[in-house]
2 protein chains.
Amino acid sequence: MPKPTLVDVGREAGVSAITVSRALRSPEKVSETLRAKVEIAVKKLGYVPNQSASTLASNKSSSIVVMVPSISNNVFTDVLGGISDALHGSRFNMQIGYTNYDSQEEERILRSFLNPTPSGVIISGLEQTDETRQMLENAGVPVVQIMDISPKPIDMIVGFSHDQAAETATQHLIDSGYKNIGFIGAQMDPRSLKRLAGFKKAISDNGELREQCIAVTNKPSNVRLGATLLDKLTSQFPECDAVFCNNDDLSVGVLFECQRRGIKVPEELGICGFNDLGISSETVPSITSVTTPLREIGRLAGAMVIGEEGAPSTPIVDLSYTISARESTKRT
Amino acid sequence: MPKPTLVDVGREAGVSAITVSRALRSPEKVSETLRAKVEIAVKKLGYVPNQSASTLASNKSSSIVVMVPSISNNVFTDVLGGISDALHGSRFNMQIGYTNYDSQEEERILRSFLNPTPSGVIISGLEQTDETRQMLENAGVPVVQIMDISPKPIDMIVGFSHDQAAETATQHLIDSGYKNIGFIGAQMDPRSLKRLAGFKKAISDNGELREQCIAVTNKPSNVRLGATLLDKLTSQFPECDAVFCNNDDLSVGVLFECQRRGIKVPEELGICGFNDLGISSETVPSITSVTTPLREIGRLAGAMVIGEEGAPSTPIVDLSYTISARESTKRT
DNA sequence: ATCATAAATGATTGCGCAATCATTTTGCAA
DNA sequence: TTGCAAAATGATTGCGCAATCATTTATGAT
């Protein structure tokens, strides 16, 4: 038997199709008895609404488009989890696009996702192409940029300042007594570059910035890369006594490499990571990291994009970060 | 201006709407000149096909539904990455559902995802409700179960045997000279239970299985939990000299706890993890783990569900796992 | 009872596209 | 040139639903 339609349900319940539609979409607008009859008919026939037809007829889909650079990056799985939380129980579902850190790809994917128009868009970062921004503005739906912060978002934005977070973390290393601080970074996307900028600012403000204190790569980040980059850093910058890492994969990798090479942490080398992904607090010694509100970003973005009550009333939400000072920077 | 439709493009190109549709969907069926004209018109108007209308008219959507228990579990991000790889460049897109390890929730989500009928379904595990299996069979589309293995899949299946993998890993511990081997597990879903069964079998085959050698919880897994469960295990099973961990989060947590408590690995305690998620090979000492083909599962499932050439020809694909023996079990 | 008003329900139409079938044009052998 | 198959293009229709407007029924004040 073919899938039942609204007409079938109507026939079963002895009412017209449109009444069934109403009973399902706005139960408060139909009488109690009728609502009950419809419910029974729906159950009996196993009726499930056809999304496409609904979207086509009403010209609005119930999906929230989420654009992230990567799925394998733990940072974004946390954010997606937050969005998922916010959308759970609402009538909206999530449609995820992976841009692979490529603005052109982002534009391409988003273009196809915007027809039919979704109910809202959540998009990572500030670096959309002009075309993309144009599309988003024309779409006439709520748009929430996430991860970063800016005074002029496309529509709304929730995130935090990567420069400031990195600057504060670097200052923490300086305050802990380290003199020759290096920077290790992978996957140098725009937010990573901002972290580098924040690092440079803190160093410059406290003395002289030397180019050899920076070891970065554009490869995707992983634990092993932390070891590789520490090698590179210590060979080009032997007097290095602390490292600020772009993210926690790297900082963990650095710690392990220190253990292998017999470098004492925090005495001979201080280590600070970024994002505080859960393992940093568990290693021995535990690793200082910048705790960022990833899940909260997702949750707020979700709430904002669907206009949920309880969502922030301002379109710009600058969340705080905290330095979780741990053993890896505790020089006595 | 409103979004252009096929009719608009047709008018612009001086042809009928249906010809435009054909030019876009099966370019080989229209003349070269016309194809060019249509292409120009499409570019000029910025035409993007309306998915809903297309789906409604053709009664087939171009999405592949993927059901996974959780997004924050690294295991599934790897698998999703593999599926994403397989689908990239094809005309199919991915629609992801999170079941949160709940069969009823899975059934509910899947029901809504099946109308309109997608082009295929990829679903984790074997434990679907009868209703769910029924729905999937009725849908008449390719279904690929993943992660586990079974002689009678709903349609197709790609995975590996969790019992066997765990049994082999436990045997590796026995062969390494450990005498009192414990089991640590979190998030005891059906596959975890199979691993436990494999563990028990290996132990029983080599002596006597004692209940106190097992410490498990249903909480979601994380690194800290490894430490907690090691505490529990060593208090109920003090003579324990090796642990097989349900997954790598736990094994890493166990290693760190050993470092904190001054337990020598691998001399006083051997450690073996599961899934080999990338950090196990980097810790000091490195941790033995069961390397499982997560990304490959995703890639094959993707290829199988879209019937890509290069996909396996058999509906049941039992992938291999390997024991990556590392320092944490190298008793000299 | 009468009427006014609101609440409840129904009929019609079109969203944008693709399936189907109909028609026109092209290529080319005889 | 003619004829005919094959290729190219077009016209019509309906997918399932929701918006809009029309109609019926209930409610209640006088």
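The model shown is predicted, which means the values in this text are computed figures rather than measured ones. Here is how names work: the chains are called A, B, and so on, in the same order as the sequence lines, proteins then strands, and each is numbered from 1.
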Show me the donor-acceptor pairs, under 3.5 Å and distance only, between side chains in residues 59-66 of chain A and residues at least two apart or in other chains.
unit_1: S61(A); atom_1: OG; unit_2: S63(A); atom_2: N; d: 3.2
unit_1: S61(A); atom_1: OG; unit_2: S63(A); atom_2: OG; d: 3.1

N74(A): partners by side chain to side chain contact (heavy atoms under 4.5 Å, CB included), with sequence neighbours left out
T77(A), L277(A), N74(B)
Drop me the distance from R25(A)'s CZ to I18(A)'s CD1, to the nearest 0.5 angstrom.
6.0 Å
Can you tell me which stems involve DNA chain C, if a stem is defined as three or more consecutive Watson-Crick or G-U wobble pairs, both distances under 3.5 Å?
C:1-30 with D:1-30
Using the side chain to side chain contact (heavy atoms under 4.5 Å, CB included) criterion, which residues pair with R111(A)? Sequence neighbours excluded.
E107(A), E131(A), M135(A), V48(B)
Bounds of contact between DNA chain C and chain B, in 5' to 3' order, using a heavy-atom cut-off under 4.0 Å
dG16(C) to dA19(C)
Among residues 42-52 of chain B, which ones have heavy-atom contacts with DNA chain C below 4.0 Å?
Y47(B), P49(B), N50(B)
Reported CD1-to-CG distance for the pair I154(B) and L126(B), which is rounded to 0.5 angstrom:
8.5 Å
Among side-chain atoms of T55(B) and S52(B), is any donor-acceptor pair under 3.5 angstrom?
no
Which residues in residues 12-25 of chain A have at least one heavy atom lying under 4.0 Å from any atom of DNA chain C?
V15(A), S16(A), I18(A), T19(A), R22(A)
Among residues 27-37 of chain B, which ones have heavy-atom contacts with DNA chain C below 4.0 Å?
none
Under 3.5 Å, is there a donor-acceptor pair between the side chain of S70(A) and the main chain of N73(A)?
yes
Residues in side chain to side chain contact (heavy atoms under 4.5 Å, CB included) with S31(A), at least two apart?
T33(A), L34(A)
Any side-chain heavy atom of P118(B) within less than 4.5 Å of one from V121(B)?
yes
For residues 80-91 of chain B, run the donor-acceptor check on the side chains, cut-off 3.5 Å, and write out each pair with its distance to 0.1 Å, sequence neighbours left out.
unit_1: D85(B); atom_1: OD2; unit_2: R295(B); atom_2: NE; d: 3.2
unit_1: D85(B); atom_1: OD2; unit_2: R295(B); atom_2: NH2; d: 3.2
unit_1: D85(B); atom_1: OD2; unit_2: R299(B); atom_2: NH1; d: 3.2
unit_1: S90(B); atom_1: OG; unit_2: L87(B); atom_2: O; d: 2.7
unit_1: S90(B); atom_1: OG; unit_2: F92(B); atom_2: N; d: 3.1

Under 3.5 Å, side-chain donor or acceptor atoms of residues 307-317 of chain A against the rest of the protein: list the pairs with distances, not counting sequence neighbours.
unit_1: T314(A); atom_1: OG1; unit_2: I316(A); atom_2: O; d: 3.4

Looking only at heavy atoms, what is the nearest atom pair of A139(A) and T117(A), with distance?
O-CG2, 3.9 Å
Could you give all pairs that pass the side-chain hydrogen bond (donor to acceptor under 3.5 Å, both in side chains) test and reach residues 149-158 of chain A, with sequence neighbours left out?
none
Provide the closest heavy-atom pair for R22(A) versus V30(A) in the form atom of the first, atom of the second, distance.
CB-CG1, 4.2 Å
Any side-chain heavy-atom pair from I109(A) and M67(A) closer than 4.5 angstrom?
yes
